[in-house]
Peer 1: 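Sharing a structure, written as structure tokens. Questions coming.
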Amino acid sequence: KAGVTQTPRYLIKTRGQQVTLSCSPISGHRSVSWYQQTPGQGLQFLFEYFSETQRNKGNFPGRFSGRQFSNSRSEMNVSTLELGDSALYLCASSLQEGGYTFGSGTRLTVV
Amino acid sequence: GENVEQHPSTLSVQEGDSAVIKCTYSDSASNYFPWYKQELGKGPQLIIDIRSNVGEKKDQRIAVTLNKTAKHFSLHITETQPEDSAVYFCAASRSAGGTSYGKLTFGQGTILTVHP
């Protein structure tokens, strides 16, 4: 079966712009989490959605937001991009608690 | 909040040797501990996980042990092969009531290199 699909794979944006990243979970998975990965900070939790509701949120500024649709697909948005937002953004989905499967990520570069 | 410390940051072994990576966590309420392998250009891949009601779990050449009292858990890879070379991450989270396992706190990662 298909894995977690993230689009786009690569993105280059200018400071001040906004960006939307998309994640399609494995079919049947209702929980979707987002993580930011950087060389300096490692893997950091952004937020988690379950049945269209945000269930957990990490310590990121309000510029980072997300949502989940009724088909479990999820999007995350970053507004007013800063250079420090350059990172690999990873989405993970799960059928049940635990056992999160990650996508290959979206590489965001802010210039 | 939860804090996860992972050691060593780099590990170099000869093919066929064993590799051990250790993690400690701070939140005694954590009850789910997965290990992920990340290869270049890919997302983390779940290789094994353990829940707090189990002390040890094995899957072929990979095993994980958990010591709840000491709040540490370890990944053991036996008979290492060059294709085991990757970055390995430990993580911890907790589930209680409506809160899920979805908020994983990761260690900083271990770069494992297996020399042929």
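So you know, we letter chains A, B, ... as the sequences are listed, proteins then strands, and number each from 1.
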Peer 1: Applying a strict under-4.5 Å side-chain criterion to I, L, V, M, F, W and Y, I'd like to know whether Val32(A) and Phe60(A) cluster together.
Peer 2: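 Val32(A) and Phe60(A): one cluster.
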
Peer 1: Does Lys42(B) have more than 12 heavy atoms from other residues, nucleotides or ligands lying within 6.0 Å of its NZ?
Peer 2: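 No, NZ of Lys42(B) has 12 or fewer neighbouring heavy atoms, counting only those of other groups under 6.0 Å.
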
Peer 1: Linking I/L/V/M/F/W/Y whenever their side-chain heavy atoms sit closer than 4.5 Å, directly or via other members, would Phe50(A) and Trp34(A) fall into one cluster?
Peer 2: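 Per the 4.5 Å side-chain linkage, Phe50(A) and Trp34(A) are not co-clustered.
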
Peer 1: Which region of Leu88(A), side chain (C-beta onward) or backbone (N, CA, C, O), has a non-hydrogen atom less than 4.5 Å from a non-hydrogen atom of chain B, or is it both or neither?
Peer 2: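 For Leu88(A), side-chain heavy atoms alone lie under 4.5 Å from chain B.
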
Peer 1: Around Arg63(A), counting heavy atoms of other residues, nucleotides and ligands shown, do more than 12 lie under 6.0 Å from its CZ?
Peer 2: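 Yes, because the 6.0 Å sphere around CZ of Arg63(A) holds more than 12 heavy atoms from other groups.
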
Peer 1: Linking I/L/V/M/F/W/Y whenever any side-chain heavy atoms sit under 4.5 Å apart, do Leu21(A) and Tyr49(A) land together?
Peer 2: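 Result: yes, single cluster for both.
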
Peer 1: Can you tell which part of Pro34(B) gets under 4.5 Å to a heavy atom of chain A, answering side chain, backbone, both or neither?
Peer 2: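 It is neither, since no heavy atom gets under 4.5 Å.
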
Peer 1: Clusters formed by hydrophobic residues whose side-chain heavy atoms approach within less than 4.5 Å: which one holds Ile62(B), and what are its other members?
Peer 2: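 Other cluster members: Val4(B), Leu11(B), Val13(B), Ile21(B), Tyr25(B), Phe33(B), Trp35(B), Ile47(B), Ile48(B), Ile50(B), Val54(B), Val64(B), Leu66(B), Phe73(B), Leu75(B), Ile77(B), Tyr88(B), Leu112(B), Val114(B).
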
Peer 1: Is the shortest heavy-atom distance from the side chain of Phe45(A) to the side chain of Thr105(B) under 4.5 Å?
Peer 2: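 A side-chain contact is absent here, since even the closest heavy-atom pair is not under 4.5 Å.
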
Peer 1: Identify the two heavy atoms, one from Pro44(B) and one from Leu90(A), that lie closest to each other, and give their separation to 0.1 Å.
Peer 2: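 Scanning both residues completely, I find the closest heavy atoms to be CD-CD1, 3.8 Å.
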
Peer 1: Please look at Leu43(A) and chain B and tell me whether the side chain, the backbone, both or neither of the residue comes under 4.5 angstrom of a heavy atom of that chain.
Peer 2: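 It is both, since atoms from each part get that close.
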
Peer 1: To the nearest 0.5 Å, what is the distance between CZ (Phe106(B)) and CD (Gln41(A))?
Peer 2: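 Those atoms lie 15.0 Å apart.
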
Peer 1: Taking the six-membered ring where the residue is Trp, are the ring centres of Phe102(A) and Tyr36(B) under 6.0 Å apart?
Peer 2: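 Yes, ring centres under 6.0 Å apart.
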
Peer 1: At a heavy-atom distance under 4.5 Å, which candidate from Ala92(A), Gly58(A), Gly105(A), Ser104(A) has the highest pair count against chain B?
Peer 2: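 Going by pairs under 4.5 Å, I would pick Ser104(A).
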
Peer 1: If Ile, Leu, Val, Met, Phe, Trp and Tyr residues are connected whenever their side-chain heavy atoms lie under 4.5 Å apart, and connections chain through other members, are Leu81(A) and Ile12(A) in the same group?
Peer 2: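 In one cluster: no.
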
Peer 1: Determine whether a donor-acceptor pair (N or O, by modelled atom type, separation under 3.5 Å) exists between the side chain of Tyr35(A) and the backbone of Leu104(B).
Peer 2: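 Here the side-chain-to-backbone pair exists.
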
Peer 1: At a heavy-atom separation under 4.5 Å, does Arg107(A) approach chain B through its side chain, its backbone, both, or neither?
Peer 2: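 Contact with chain B is absent: no heavy atom of Arg107(A) under 4.5 Å.
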
Peer 1: Under a single-linkage definition using a 4.5 Å side-chain heavy-atom cutoff for Ile, Leu, Val, Met, Phe, Trp and Tyr, are Leu11(A) and Leu83(A) assigned to the same hydrophobic cluster?
Peer 2: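 Linked, Leu11(A) and Leu83(A) end up in one cluster.
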
Peer 1: If I measure from the heavy atoms of chain A, does Gln38(B) come under 4.5 Å with its side chain, its backbone, both, or neither?
Peer 2: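 The side chain, not the backbone.
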
